[in-house]
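Throughout, a chain's letter reflects where its sequence line sits, starting with A, and its residues are numbered from 1.
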Amino acid sequence: MDTENGKTPAFDSFIEEMKWRGFFEQCTDEKSLTELLAGETTTGYIGFDPTADSLHVGSLLPIMGLVHLQNHGHKPIAIVGGATAMVGDPSGRTELRNMMTLETIDKNLEGIKEQLSRFIRFGTGASDGMMLNNADWLKDHLYLEFLRDVGRYFSVNQMLTRDSVKSRMETGLSFIEFNYMILQAYDFMVLNRDHGCRLQMGGNDQWGNICSGIDLCRRVNQAEVFGLTFPLMMTASGVKMGKSAEGAVWLDAARTSPYDFYQYWVNVDDRDVSRFLRLYTLMPPTEIEKLEKLQGAEIREAKKVLAREVTTLVHGKGEAAAAEKAAKALFSGGGDDSTVPSSERPAADFGGAGLSLLDALTDAGLMKSKGEARRMIRQKAVRVGGEVIEDETLQLTGEHIQDGKITLQVGKKRHHHILVAS
RNA sequence: GGGGGGGUUCCCGAGCGGUCAAAGGGAACAGACUGUAAAUCUGUCGGCAAACGCCUACGGAGGUUCGAGUCCUCCCCCCCCCA
C-alpha cells in the first residue's frame, strides 16, 4: 500500500494507529476489516452535519479520522448531511432540534467544504477524498417509492431497540427523527453501491445508525461493509469538547480567532494533554511519548506543542506562529505582541474627556455588557496598561496610550489591544 | 377522543397573589493560591443607571386584581394512562 504524502506511517495499519491514538471505540468486525484494509485501497466515510457554516472543535475528531484513513492510502469520503440536517439526528439529543431551511443548509455546506479541504486532499486519484451532499440522492425521493424500496428492510422492533430511540422513549421522539436512522443507513447503502464505500466511521453515538447502514448494505447490495466508532470526547472536567467561555470553539478564523483557538489548546486540563496529542495532532508516537513523560509545570511545554500543532493543522503555520508569539508576549513577557487580538480607534477618541473604559471593554468584545464590565472592575479583574483599575468611571485618554496602543486585560487570560490610529 | 401531569433565567430545578430578577445545584466568569493546569476558599452570574430606580423576563394571547411566575379563559407544545 502506498502512502501518498511520501511519509512512512509509524504504524503498519490504519486500525493499529487508530487504536494507539485513542480513536478506536467499537468496530463491527475488526478482523475482517483489518484484512480488508491491508489488502486494498478502501473507501470510508463520515457524515458531518451542516448545522452551522463552520465546523467546530467537536468535529475535529472525525476529521482526523478521515485524515488518518487517507494517510494510510485509503479513500475518505466526507458526507455533508444536507438532507439529514432537515430531519435532525435524535442521537445524543434530548429534544427535537430546530429545523433548518434549505437555504441555510446550502450556505453552511459551502463553509464546511472549504474547511474540510484544508485537512483532506480532494481529487480524482485512488485515495483522493470526495465530498458529497446526501441531499443529492435523498431529496427527490417520493415517499411511497422510498417506503417500498427502503422502508421494507427496516424492522420497527429492531429500531426501537436502538439506543438513540430507546433513550427518547421517555421524553418523546417525533416520527421525523425516528426516520433519521433510515436515511443514514440509506446513505451508506448508496455510497457502497455507487462508490464502493466499505466503511463508515463516526462518534459512538452513531453506532446504531451505522449498524443499520451495514444491515441495509447487506440486504440490498449483498455487500459486507464495516463500522468503526470513536469515543465520545469529553474533557477531563466532564464538559463536551470544544466549549470555551465564549461558547463553541470554531475552526473558522472569523468566528474563533487563531489566537483564541491556540489559547483553547494551551489551556486544556493536564489530564487531557496526552490524549489530545494523540487524537488531534499528527505527531509521530515517539515524539508524543516523549511529551507524555513531562511532569508538573513542565506539562505546559506539552500543551504548547499541542496548541501549536493543532493550530497549524487548522489555521496554517503562519497563524500558529503568530498566536504563539502573541501568547509569549502576553504570558512570558517581552517578545512580539503585534498579533494580540486588537481593534483600531482614531486618536480623536482619546482627546478631551476621552473614551469610557466601560465602552472600550464592551466594544472590544471583552465584556458582554457594561454591567459585567463594572462587576469585573469591582473584582479587580481589569487592567489597563498593566495597572489594575478600580475606578469604574475611568476615561481612557492620551495618558493611557503607550507605544501607540492601549492594552486591556481582563483576568489573566483575556487580552485586547486598542491600536490608536494617528 | 377521554383522564392525569407538565412548560421558569445557559442547563437541571424550587417557587404561599405582594418582601421575585425569582431558592438550590451545575456550568461559567473573577479574586486568592498556582504552572495560562487541577483541587480548594471567596465573590459574581438579565439590561440600563454612580445611585434612587427604570426596563425586559417565568410557553403564547387575553382577563381578574391596587398588585400575577403565582388566580381565570382561550390557544400552542411535551409526557403518562385509557380508547
Side-chain angles (χ1 to χ4, degrees), chain A residues 88 90 92-99 165-178 234-249 259-277 291-292 294-308 310-311 323-335 337 340-341 353 356-359 361-363 365-383 386-395 408-416:
Chain A
R93 291 188 177 262
T94 53
E95 47 191 51
L96 183 62
R97 77 166 94 193
N98 295 330
M99 302 223 196
V165 173
K166 226 176 6 185
S167 64
R168 290 284 293 277
M169 292 313 273
E170 280 295 311
T171 56
L173 178 74
S174 74
F175 184 66
I176 187 171
E177 292 174 288
F178 186 58
M234 293 294 214
T235 66
S237 46
V239 181
K240 233 198 191 148
M241 198 57 203
K243 292 279 186 239
S244 77
E246 288 77 34
V249 178
Y259 172 80
D260 286 329
F261 188 85
Y262 178 91
Q263 284 298 316
Y264 175 79
W265 295 98
V266 167
N267 280 308
V268 299
D269 195 297
D270 279 12
R271 294 167 288 179
D272 288 325
V273 178
S274 147
R275 208 157 47 108
F276 288 180
L277 280 168
L291 291 171
E292 286 170 342
L294 296 175
Q295 290 295 318
E298 289 181 324
I299 294 176
R300 244 174 33 253
E301 293 310 314
K303 290 183 189 178
K304 283 182 192 165
V305 176
L306 172 68
R308 180 171 63 227
V310 184
T311 309
E324 195 170 3
K325 256 193 222 166
K328 197 171 176 207
L330 294 173
F331 293 102
S332 313
D337 64 357
V340 173
S356 93
L357 175 58
L358 298 179
D359 285 329
L361 288 168
T362 47
D363 289 354
L366 288 169
M367 302 288 181
K368 284 200 273 302
S369 68
K370 288 192 205 173
E372 185 186 2
R374 282 204 186 87
R375 288 193 296 268
M376 288 295 109
I377 292 172
R378 278 178 210 146
Q379 297 185 53
K380 296 187 173 63
V382 176
R383 287 162 195 263
E387 298 295 314
V388 175
I389 301 300
E390 298 193 53
D391 175 13
E392 298 170 26
T393 66
L394 182 79
Q395 296 286 322
L408 301 178
Q409 183 178 352
V410 178
K412 286 190 204 65
K413 297 178 192 168
R414 286 138 76 196
H415 297 264
H416 187 92

Test item: A/K303 side-chain N/O and A/V273 main-chain N/O as donor-acceptor pair under 3.5 Å: no

Nucleotide B/U36, atom P - distance to CG of A/L330 in whole Å: 13 Å

Whole-Å P distance, B/U42 and B/G5: 42 Å

Residue closer to the 5' end of RNA chain B, A/I299 versus A/R375 (nearest nucleotide): A/I299

First of A/T362 and A/G296 reached from the 5' end of RNA chain B, by closest nucleotide: A/G296

Nearest-Å distance once atom P is located in both B/A61 and B/G24: 30 Å

Pairwise C1' distance, B/U8 and B/G59 [rounded to whole Å]: 10 Å

Touch class at under 4.0 angstrom, heavy-atom based, for A/K412 against every strand present: base

Heavy-atom pair with the smallest gap, counting every atom of A/Q395 and A/A353: CB-O, 3.1 Å

Rounded distance in Å between the P positions of B/G67 and B/C55: 15 Å

Protein-nucleotide distance (A/D272, atom CG; B/A38, atom C1'), rounded to Å: 11 Å

Span that lies between the C1' atom of B/U70 and that of B/A57, in whole angstrom: 15 Å

Protein-nucleotide distance (A/K368, atom NZ; B/U44, atom P), rounded to Å: 17 Å

Spatial distance of atom CG (A/L366) from atom CE (A/M376) [nearest 0.5 Å]: 11.5 Å

Sugar-phosphate, base or nothing in reach of A/Q263, heavy atoms under 4.0 Å: base

Euclidean distance, atom NZ of residue A/K380 to atom P of B/U42 [Å, nearest integer]: 18 Å

Chi angles and distances behind the side-chain contact (heavy atoms from CB on, under 4.5 Å) call for A/L291, A/E301: CA-CA 8 Å; A/L291 291 171; A/E301 293 310 314; 5.6 Å; no

Smallest separation among heavy atoms of A/K413 and A/H415, with atom names: O-CD2, 3.3 Å

Sugar-phosphate, base or nothing in reach of A/K370, heavy atoms under 4.0 Å: sugar-phosphate

Nearest-neighbour nucleotide for the A/M376 side chain, B/A37, B/A50, B/A30 considered: B/A30

Between P of B/A30 and CG of A/N267, the distance in whole Å: 10 Å

A/E372 side chain to A/K368 backbone, donor-acceptor under 3.5 Å: yes

Sugar-phosphate, base or nothing in reach of A/A381, heavy atoms under 4.0 Å: sugar-phosphate

Length of the CD-P vector between A/E372 and B/A21, whole Å: 22 Å

Nucleotide B/U36, atom P - distance to NZ of A/K304 in whole Å: 9 Å

Check: A/D359 main-chain N/O paired with A/T362 side-chain donor or acceptor under 3.5 Å: yes

A/R374 side chain, from C-beta outward: closest of B/A38, B/U36, B/A49: B/A49

Distance, C1' atom - from B/G62 to B/C48, rounded to whole angstrom: 30 Å

Sugar-phosphate, base or nothing in reach of A/S369, heavy atoms under 4.0 Å: sugar-phosphate

Between B/G60 and B/C54 - C1' atom distance, rounded Å: 26 Å

Spacing of the P atoms in B/C12 and B/C76 (rounded, Å): 24 Å

Under-3.5 Å donor-acceptor pair between A/Q379 side chain and B/G31 base: no

Whole angstrom value for the distance that separates P of B/A27 from CG of A/D269: 13 Å

Stem list, RNA chain B (Watson-Crick or G-U pairing under 3.5 Å, at least 3 consecutive pairs): B:1-7 with B:76-82, B:10-12 with B:24-26, B:28-32 with B:40-44, B:46-48 with B:53-55, B:59-63 with B:71-75

Phosphate-side-chain proximity, A/R300 and B/U36, N/O vs OP1/OP2 below 4.0 Å: yes

Working for side-chain contact (heavy atoms from CB on, under 4.5 Å), residues A/V382 and A/M367: CA-CA 11 Å; A/V382 176; A/M367 302 288 181; 4.0 Å; yes

For A/L358 against A/E392, the heavy-atom pair lying closest together: CG-O, 3.7 Å

